[in-house]
There are 2 protein chains.
Amino acid sequence: MIKCVKCGEVDAIAKSGIVRGKQRYYCGKCDYYFTLSSEQPLTINHKRHPATILDIARELQISKSTVSRALHGHSDINEQTRKAVLETARRMEYQPNLLAYGLAKNKSMTVGIIVPEFINSFFPFIIIGAQEVANPAGYHVLICQSNESYPTEVANTNVLLSSRVDGLLVSLTGETPNIDHFKKFERAGIPVVYFNRVCKDTNVSQVIVDDYDGAFKGVVHLIENGCRRIAHIAGPPNLQISQNRLKGYLDALAQHGIEKDDSLIVSYDLNPQQATLCAKQLFDLPTPPDGLFAVNDPAAIAAMLVAKERGIKIPEELAVVGFSNEPTSALIEPGLTTLAQPMGDIGRTAIKMLFDQIESEDHETIEPETRVLKTTLIVRGSSLKHK
Amino acid sequence: MIKCVKCGEVDAIAKSGIVRGKQRYYCGKCDYYFTLSSEQPLTINHKRHPATILDIARELQISKSTVSRALHGHSDINEQTRKAVLETARRMEYQPNLLAYGLAKNKSMTVGIIVPEFINSFFPFIIIGAQEVANPAGYHVLICQSNESYPTEVANTNVLLSSRVDGLLVSLTGETPNIDHFKKFERAGIPVVYFNRVCKDTNVSQVIVDDYDGAFKGVVHLIENGCRRIAHIAGPPNLQISQNRLKGYLDALAQHGIEKDDSLIVSYDLNPQQATLCAKQLFDLPTPPDGLFAVNDPAAIAAMLVAKERGIKIPEELAVVGFSNEPTSALIEPGLTTLAQPMGDIGRTAIKMLFDQIESEDHETIEPETRVLKTTLIVRGSSLKHK
DNA sequence: CTGTTAGCGCTTTCAG
DNA sequence: CTGAAAGCGCTAACAG
């Protein structure tokens with residue numbers, strides 16, 4: 001309710017245009033034009049209730065539809081009105097209620113991302129890449145950790161479904177047997193892009209690196225450095241990365257006339273302790289390996305620690321190659337030779353593909369696509385026998 | 001012929017009255033009541049529209065309030081009705097719409113957490129601790145990265161305000177000059193708990209470690225190992241951790257009769273590259289240090305790399321102590337002596353304090369509290385001159 | 001024990 | 001260019 005600043009009248013007050021971004025009023029009783037100075041205390045009590053568009057509307061004596069339009073820079077809006085709304089919003093510390101927005105638009109402006117863990121730097125780098133694209137577009141990223149546990153991954157999908165995410169990025173756990181739990185998203189019309197740890201299912205969008213090629217390059221590098229008995233700490237068999245890296249390893253051996261020795265291939269479930277056990281098992285072999293290709297850096301590093309403990313000299317007695325180029329690989333001694341993955345690119349590419357699907361009116365029309373990025377062999381001390 | 005919808009039995013089926021106009025059946029084999037409507041194909045089209053309580057209500061010919069009550073295990077509900085609702089919900093793949101729930105209850109079941117970065121493992125471990133408490137309580141954690149940038153931190157606060165988080169956990173950036181931007185939460189009645197990187201403001205709830213004590217212990221350890229010229233790579237002056245660790249360093253020196261030398265104290269803005277520069281500056285001194293206490297592990301490790309590059313022997317010519325016990329500290333060579341922080345505990349404690357405030361009806365009544373956790377000196381090779 | 005009704009804050013036709 | 005009104009999915013009195 002507006003009160004004339006001159007005579008105090010409340011009934012005979014009419015709006016009379018907007019000047020300098022402020023609503024001007026006219027008092028019919030004392031024939032006086034005035035604007036409400038911004039010094040006036042606002043009527044909201046933030047304690048009870050954050051400012052809403054209705055508060056702004058009331059303050060300005062306009063409708064909330066107009067406020068909504070002004071806030072979104074709708075074209076059909078008077079410039080003065082727009083300014084006044086924006087100014088009042090600022091003064092009231094108005095923050096749009098994303099819950100209400102999401103409910104009305106059926107769009108949460110949030111994308112989910114499920115990663116197996118974020119203690120190592122690999123997934124954080126990917127998440128950062130994804131956020132670099134998402135945030136400027138006005139989207140938030142809801143990060144879930146499956147903790148390498150299949151049930152947790154399933155639970156995560158339900159959380160994200162409840163949060164009504166507009167899209168989902170996933171890297172599977174080492175024990176995920178199938179992707180049935182992601183079919184729910186498909187049914188709900190929510191696009192999903194898999195990255196890094198994907199499943200056999202080819203009918204999905206995914207971003208991966210050329211694991212076969214990377215593994216091949218890594219193992220060839222070991223062979224060229226004189227290794228003949230090359231062991232492999234492999235990943236869980238359900239993951240494509242494990243299968244492809246194993247294949248790259250095997251093909252590199254075959255192509256160089258080295259016979260495959262099954263006792264040199266041990267499987268690791270991505271659990272750090274198990275990597276240590278795998279390494280011990282390999283070093284306990286009657287004829288221990290002179291080279292090691294591990295499915296990832298943490299496993300390679302765990303093996304290096306075991307080797308050091310046992311006095312096995314790296315790289316002289318054992319040359320080691322990892323996968324991913326975790327920052328730690330450059331810090332340990334000797335430095336770990338590894339296959340660098342473009343982590344930021346993986347995140348950016350994956351979320352761009354996701355946005356393509358989100359933005360396309362009809363998600364069906366987008367063909368599932370597999371984007372394959374390249375790895376780079378980073379040579380460090382752990383593999384250079386002759387030097 | 002009637003078939004049990006649960007176990008498929010056909011013989012042990014009996015009629016069991018009529019509920020809401022439908023013939024109800026009872027399966028004696030699996031002790032289950034059902035009506036035939038459940039056999040009918042569901043009417044929802046998930047593509048257009050995920051199941052809502054209204055869909056369940058229509059299917060069961062009951063009101064949506066009843067569905068709501070059944071779903072939340074409200075006591076005043078018929079057990080049979082509850083079961084029917086739950087079963088239908090399952091069949092319809094019903095997922096509660098958190099946006100609608102939040103709007104209605106004015107509670108998003110989400111707490112925000114702002115961390116400066118999550119490439120190092122320190123903050124991830126804290127986040128995991130927080131999630132361990134939050135998830136079982138039905139809360140989600142919305143993770144924001146301020147990226148050590150004050151403007152980004154301010155932007156993050158607005159995002160979280162819009163998301164209507166029920167509470168906030170924050171660790172400040174190295175350049176945050178004040179906490180005015182968090183006052184918005186106070187005004188909105190949203191509790192905030194600061195952790196690790198806090199501000200001078202004592203009138204807030206916070207979880208920190210005893211930085212002074214940790215630094216003191218670390219520096220005394222260096223002195224006891226024969227260091228006399230101990231340098232300090234200090235953190236940004238706006239942070240309490242920097243001030244307190246510096247103070248611990250200074251007091252340890254004073255208490256052992258070692259005079260303070262300002263040229264041995266260099267300040268670092270938490271930017272990795274700058275740590276390297278700081279180290280170089282110290283090693284370029286006419287009389288270089290024989291000991292180094294760094295405000296955190298990344299700085300200590302950066303300094304160790306510079307030292308190695310220059311052929312400075314660690315620990316013989318330079319003993320090093322870091323802070324936090326990042327996993328990498330155990331992997332580099334020599335191992336980095338450091339002050340372990342109970343990261344999981346920090347996260348768990350902080351979010352418990354937050355929940356205490358969220359759950360208390362009147363947030364005002366909770367007195368701001370500062371919880372101080374202990375650090376532990378982890379001695380590794382980087383500091384053991386006599387061995 | 002269950003149904004009715006009125007919002008929560010925002011968007012979005014549809015009329016002016 | 002602006003307003004009125006309906007509705008997004010859910011909760012919460014208030015009646016029965």
Side-chain angles (χ1 to χ4, degrees), chain A residues 15-18 23 44 46 48-85 89 92-109 138 161-164 166 188, chain B residues 19-21 44 46 48-85 89 92-109 138 161-164 166 188:
Chain A
K15 283 193 274 181
S16 170
I18 291 184
Q23 177 69 51
I44 335 171
H46 281 281
R48 303 239 135 282
H49 160 74
T52 70
I53 55 170
L54 192 60
D55 293 314
I56 299 177
R58 271 198 288 251
E59 179 80 14
L60 257 28
Q61 306 267 15
I62 58 182
S63 81
K64 58 184 186 147
S65 324
T66 304
V67 174
S68 172
R69 282 187 277 252
L71 252 18
H72 291 289
H74 226 278
S75 53
D76 297 356
I77 189 98
N78 181 298
E79 183 55 20
Q80 296 297 327
T81 312
R82 205 182 60 81
K83 271 191 192 157
V85 168
M92 289 191 166
E93 291 193 327
Y94 169 75
Q95 286 290 346
N97 184 327
L98 223 59
L99 301 177
Y101 174 92
L103 187 58
K105 293 260 286 186
N106 192 27
K107 193 164 191 338
S108 63
M109 298 306 287
L161 237 20
S162 269
S163 298
R164 293 292 188 270
D166 299 328
Chain B
V19 273
R20 272 167 242 104
I44 335 171
H46 281 280
R48 303 241 136 279
H49 159 73
T52 70
I53 53 170
L54 193 59
D55 294 315
I56 300 177
R58 273 198 287 249
E59 179 79 17
L60 258 27
Q61 311 261 29
I62 58 180
S63 81
K64 56 183 189 149
S65 327
T66 303
V67 175
S68 173
R69 281 185 279 251
L71 252 18
H72 290 287
H74 227 278
S75 52
D76 297 357
I77 188 95
N78 181 296
E79 183 54 19
Q80 297 297 329
T81 312
R82 206 181 60 80
K83 270 192 190 155
V85 167
M92 290 191 166
E93 292 195 327
Y94 169 77
Q95 286 291 344
N97 185 327
L98 224 59
L99 302 176
Y101 173 92
L103 186 57
K105 293 261 286 187
N106 192 26
K107 194 161 189 338
S108 63
M109 297 305 286
L161 239 18
S162 270
S163 297
R164 294 293 188 270
D166 297 328

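Quick note on labels: first sequence line is chain A, next is B, and so on, each numbered from 1. All values below were derived from every heavy atom in this structure, side-chain atoms included, with hydrogens, water molecules and symmetry-related copies excluded.
The A:Thr52 side chain lies nearest to C:dG9 when the options are C:dT11, C:dG9, C:dC8. The side chain of A:Asn78 sits closest to D:dC1 out of D:dC1, D:dC10, D:dG3. Considering only side-chain atoms of B:Leu103, the nucleotide from C:dC8, D:dT11, D:dA6 that sits closest is C:dC8. Here the nucleotide nearest the side chain of A:Tyr101, chosen from D:dT11, C:dC10, D:dG9, is C:dC10. Out of C:dT11, D:dT2, D:dT11, the shortest distance to the side chain of A:Ile53 is found at C:dT11. For B:Thr66, counting side-chain heavy atoms from C-beta on, the closest listed nucleotide (D:dC8, D:dC10, C:dT2) is C:dT2. Listed candidates were D:dC10, C:dT4, C:dT11. Nearest to the side chain of B:Ser63 is C:dT4.
Atom CG of B:Leu60 is separated from atom P of C:dC1 by 17 Å (rounded to the nearest Å). If you measure from atom CZ of A:Arg82 to atom C1' of D:dT2, you get 16 Å, rounded to the nearest angstrom. With rounding to whole Å, A:Glu79 atom CD is found 10 Å from D:dC1 atom P. If you take NE2 of A:His72 and P of C:dG9, they are 15 Å apart, rounded to a whole angstrom. In this entry the distance linking CG of A:Leu54 with P of C:dC8 reads 9 Å, nearest Å. Distance, A:Lys64 NZ to D:dA6 P: 12 Å, rounded to whole Å. Counting to the nearest Å, the C1' atom of C:dG9 and the NZ atom of B:Lys107 are 18 Å from each other. Going from atom CG of B:Leu71 over to atom C1' of C:dC1 covers 17 Å, rounded to whole Å.
Checking the phosphate oxygens (OP1, OP2) of C:dC8, no side-chain nitrogen or oxygen of B:Lys105 falls inside 4.0 Å. OP1 and OP2 of D:dA5 both lie 4.0 Å or more from every side-chain N or O belonging to A:Ser65. For the OP1/OP2 pair of C:dC1 and a distance below 4.0 Å, the side-chain nitrogens and oxygens of B:Thr81 include no atom meeting the criterion. For D:dC10, one of the phosphate oxygens OP1 or OP2 lies less than 4.0 angstrom from a side-chain nitrogen or oxygen of B:Tyr94.
B:Leu98 CG to A:Leu103 CG: the interatomic distance, rounded to the nearest 0.5 Å, is 11.5 Å. Taken from CG in B:Leu60 to OG1 in B:Thr66, the straight-line distance is 10.0 Å, to the nearest 0.5 Å. For the atom pair CD1 of A:Ile53 and CZ of A:Arg69, the computed distance is 10.5 Å after rounding to the nearest 0.5 Å. To the nearest 0.5 angstrom, B:Asn78 atom CG is 10.0 Å from B:Lys83 atom NZ.
Between the side chain of A:Ser68 and the base of C:dT12, no donor-acceptor pair under 3.5 Å is found. Under 3.5 Å, the side chain of B:Arg69 and the base of C:dG3 form at least one donor-acceptor pair of N or O atoms.
When all heavy atoms are compared, the tightest approach of B:Arg164 to A:Gln95 is NH2-O, 3.2 Å.
Among residues two or more places apart in sequence or in another chain, the salt bridge (charged side-chain N to carboxylate O under 4.0 Å, His left out) test is passed with A:Lys105 by none.
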